[in-house]
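Below is one structure, written out as C-alpha cells; comments come after it.
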Amino acid sequence: MRNGKFDMLNLMSYSTEKRFIILLLLTSFIIRIILAYIFIQYPGIPHDFYAYIDGANLLLDGKPLYLTNISNGNIFLYGPLLAALMAGWIAIFGTDYFLLKFPSIIFSCLTIIPFFYIVKRISNIQTAKYLSIIFSFSYINLYSSGFLGNDDDVFLFFMITSIYLLFTKRYKLSAVNLAISILFKQIPIILFPAIIIYLYRTLGIRQIAKYIFIFTISFLILLFPFYLNSGVAVLYPYTGAVNLQTHLPTVWALSPLNLIRTGIGIYQNAIYYFSTHTMIPYDQNPLKHVVMCPLNIFFNKIATPYGILGFILMVIYIFKFRMKDEKLEFTRNSFLFIFGSLLFSKVFCTIYVLWFFPIFLLLFSFKEKEKFENYILSKKELMGILLVFITLLIQSVTLIHYSSQPQGRVLLSLCCFLGGIGTYLMFFRLIFRKIWATIVFLCLLYEIVFINPLLIFKPILIKFIPDTPIGPFETYLSYSMRFALDFVIMFMIIIAMICFFIKIHKYLKDDYGIR
C-alpha cells in the first residue's frame, strides 16, 4: 500500500510537471511567433541573415563553404552545422524572413527543457518552474529569438543540454552535445576549462581523457562531410583564420578596448575640428572601426595579448577561490569563462549577454530555494513580463515605420525605460534585480544610439551648436555628439558589468573553500 501510494504520487507529480513544461513551451512559442510576425519589414536583410542565407546557398549550390566569399566579402564565419541547418530550412521553406526566424524560435523554446531539469536536479521542482518562466520570458531571450531570429539560440540549446547531461553523469552524451554545439558556433569552446576542472574534481584524469576522446571523435565525424566540401578550410572558424574575433579590422562594440579607442577617437576629432573647423573625413575618421588608421591598427594588434591576459586572470581567480560544491563551482566557472571572455574580447555586442544569462540564473538554484517555494507569479512579476513584451512590440513597430522620425526617437527612448522597469519587476524575487535591470536598460540604450536620440533635443541644442562648414546640425551631431553618447553608454555598461561580477563574487563568498 505504501509503495502503491508512493508510485501514484510520483505519477501525479510527473504528470503535473509534464503539463507545466508543455504549457510553458506553447506559451513561449506563441509569444515569439507574434514578435517574429510583427518585425518582418526592414530596410534590407536585418541582423546577420545575409550570412545565414549565403552560407546555406553555398551548400545548396555545392560550392565550398569556407573557400567562397559571401556577400559582405568575408568567409562564412559560423560553424558548418548552422549552414547545414539553414540550407535544409531554406530548401523547404525558402528565404522568407518570418519563416527564417523559426529555427531560432524553436531552439530557444527547446532550451527551456534542459534548463528546467538542471534546476530541478540542483534545487527543487518549484525553483525549476519559477526560473524556467523567468528564463523563457526575459527580454534578452525574447529579443534574440522572436525579434531577431539570432543563431545563438541554436548553439545555446546544445550547450545547456551538454551541461544537463554532465550533471546527470551521462558524460558520453554530454561530450557529443558539446561537439554539436561548437559545430554550430565556436563560443562553447570557452566551457572546456570549466568541464575539465569539474571532471578532475569528481572523477579524475581518466574521465577527462575519455571525455576529450569522445568529444574529438564526435567533432571529427560530424565535421567530415564539410571537410569533403571545403578541405582543411573547414577549420577556419576554429583556428582563428576566420572568426568573429578576427574578421573585423579593429575592436568594436562593448569591448573595454573599444571604450578606450572611442575615447581617443573623440579627442582626436575634437582637436581636428577646433583647429580646422571641419570634421575628419569619413574614410580617415578613427571613430569608424572599419577605417584602418594608426589608432585602429594599434588596438587590433593588442587585442590578442589583451585576451590572453584575461584568460590568465580568470584561471588565477578560479584557483584562488575554489568552492565546496563541485556543481556550483562548475556553474560559477562556466559563467566566469563566458562573462570574462566577453570583457576581454575584441568584440562584445549586447546580444552576447544571452550566452551567460541561463548560467547566471542557474547560480540562484543552488542558494535561493526558499524564495521559490511557490512558482506562481505575483502581480508585479506578471506586470514585468507584460512590460517586456510591450517593449518589444513598440520596438518592432517603431523600427519598421518611425525610426528616422522624431516620434520614433521618443518611442525607442521610452522602450529603454520600459524594458528596464519590466526586467526589474519580473526579477523581483532575485537579489540581482537592480543590477540586471540596469544592464538591460543600458543595453537597450546602446542599441538605439544609431537613431541619435539626442536629436529629440535639437530645438534646444541648435541654439548652442551652429551649423558646421561641412553640413547642417544633424551632420555635426552624427559625427561628434553621437559618438560621445556612444562612449558614455559603453562606459556605463562596462561599469555595470564589473559591478555585476563583484556582486556575484560576494553572493558566493560563503561557498568558497575546498570541501
Side-chain angles (χ1 to χ4, degrees), residues 6 9-32 106-142 145 153 156-170 173-174 177 191 198 325-332 334-335 354-378 380-382 384-385 388 423 425-433 436 504 507-508 511:
F6 177 78
L9 288 174
N10 274 347
L11 181 62
M12 291 173 62
S13 175
Y14 174 76
S15 177
T16 303
E17 175 185 308
K18 190 175 180 181
R19 287 199 300 269
F20 170 83
I21 293 174
I22 292 174
L23 180 61
L24 183 58
L25 289 175
L26 287 175
T27 307
S28 301
F29 183 76
I30 291 169
I31 288 178
R32 284 160 172 77
I106 291 169
F107 280 100
S108 176
C109 293
L110 289 176
T111 304
I112 297 169
I113 299 174
F115 179 84
F116 174 89
Y117 284 108
I118 291 175
V119 178
K120 181 187 173 186
R121 188 172 187 84
I122 292 171
S123 182
N124 55 55
I125 190 168
Q126 299 300 323
T127 305
K129 288 179 178 180
Y130 175 77
L131 289 180
S132 295
I133 293 171
I134 298 300
F135 172 69
S136 176
F137 301 121
S138 64
Y139 174 84
I140 189 65
N141 225 328
L142 294 177
S145 55
D153 294 288
L156 197 65
F157 165 75
F158 291 100
M159 187 180 83
I160 299 301
T161 300
S162 177
I163 294 174
Y164 167 72
L165 293 167
L166 187 70
F167 281 1
T168 55
K169 300 181 180 181
R170 287 177 273 185
L173 290 175
S174 173
N177 272 270
L191 290 186
Y198 175 76
D325 185 277
E326 293 89 352
K327 289 185 175 67
L328 177 57
E329 184 181 61
F330 169 80
T331 306
R332 190 278 310 266
S334 298
F335 169 82
L354 179 69
W355 300 352
F356 63 78
F357 177 63
I359 299 176
F360 154 61
L361 288 181
L362 288 179
L363 290 172
F364 292 105
S365 59
F366 288 92
K367 296 173 64 67
E368 302 290 335
K369 299 177 184 179
E370 67 279 0
K371 290 188 178 181
F372 312 124
E373 287 302 323
N374 186 353
Y375 76 91
I376 303 299
L377 300 183
S378 66
K380 288 182 180 179
E381 290 162 333
L382 288 171
I385 293 175
V388 165
T423 299
L425 291 176
M426 73 180 293
F427 278 67
F428 199 73
R429 281 187 244 181
L430 304 182
I431 64 171
F432 291 98
R433 58 185 177 273
W436 188 253
I504 287 179
Y507 176 70
L508 299 173
D511 299 281

Of all heavy-atom pairs between [X] and [Y], which one has the smallest distance, and what is that distance?
{"X": "Cys109", "Y": "Leu25", "value": "O-CD2, 2.9 Å"}
{"X": "Glu381", "Y": "Ile376", "value": "OE1-O, 4.3 Å"}
{"X": "Ile385", "Y": "Met426", "value": "CG1-CE, 3.7 Å"}
{"X": "Val388", "Y": "Phe137", "value": "CG1-O, 3.8 Å"}

What distance do [X] atom [atom1] and [Y] atom [atom2] have between them, rounded to the nearest 0.5 Å?
{"X": "Phe107", "Y": "Thr111", "atom1": "CZ", "atom2": "OG1", "result": "8.5 Å"}
{"X": "Ile21", "Y": "Phe116", "atom1": "CD1", "atom2": "CZ", "result": "4.5 Å"}
{"X": "Ile140", "Y": "Thr423", "atom1": "CD1", "atom2": "OG1", "result": "9.5 Å"}
{"X": "Leu508", "Y": "Asp325", "atom1": "CG", "atom2": "CG", "result": "11.0 Å"}
{"X": "Ser174", "Y": "Tyr164", "atom1": "OG", "atom2": "OH", "result": "12.0 Å"}
{"X": "Phe357", "Y": "Tyr139", "atom1": "CZ", "atom2": "OH", "result": "13.0 Å"}

[X] versus [Y]: any side-chain heavy-atom pair under 4.5 Å?
{"X": "Ile113", "Y": "Thr161", "answer": "no"}
{"X": "Phe20", "Y": "Ile133", "answer": "yes"}
{"X": "Phe432", "Y": "Ile504", "answer": "yes"}
{"X": "Phe364", "Y": "Val119", "answer": "no"}

Do we get Lys327 above Phe167's six-membered ring, with its NZ or CZ under 6.0 Å from the centre and within 45° of the axis?
-> yes
Would Arg433 count as a cation-pi partner of Phe428, with NZ or CZ less than 6.0 Å from the six-membered ring centre and within 45° of the ring normal?
-> yes
Glu17/Lys129 ion pair, N-O < 4.0 Å | no
From CA spacing to verdict: side chain to side chain contact (heavy atoms under 4.5 Å, CB included), Asp153, Leu354 = CA-CA 8 Å; Asp153 294 288; Leu354 179 69; 3.7 Å; yes
Qualifying residues under side-chain hydrogen bond (donor to acceptor under 3.5 Å, both in side chains), relative to [X], sequence neighbours excluded:
{"X": "Ser138", "result": "none"}
{"X": "Ser136", "result": "Ser28"}
{"X": "Asn177", "result": "none"}
{"X": "Thr168", "result": "Arg170"}

Contacts of Phe115 that satisfy ring-ring contact (aromatic ring centres under 6.0 Å, His included) - sequence neighbours left out | Phe135
In chain order, what residues pass the ring-ring contact (aromatic ring centres under 6.0 Å, His included) check against Phe335, with sequence neighbours excluded?
-> Phe339, Phe356, Phe500
Would you check, one step at a time, whether the test side chain to side chain contact (heavy atoms under 4.5 Å, CB included) holds for Met159 with Ile359?
-> CA-CA 11 Å; Met159 187 180 83; Ile359 299 176; 4.2 Å; yes
side-chain hydrogen bond (donor to acceptor under 3.5 Å, both in side chains) evaluation trace for Thr127 with Ser365 = CA-CA 7 Å; Thr127 305; Ser365 59; over 6 Å; no
Among Leu361, Leu166, Leu362, which one satisfies side-chain contact (heavy atoms from CB on, under 4.5 Å) with Ile118?
-> Leu362
Okay, side chain of Ser132, backbone of Ala128: is any donor-acceptor separation there less than 3.5 Å?
-> yes
Verify the distance criterion only: is there a donor paired with an acceptor across the side chains of Asn141 and Ser108 at less than 3.5 Å?
-> yes
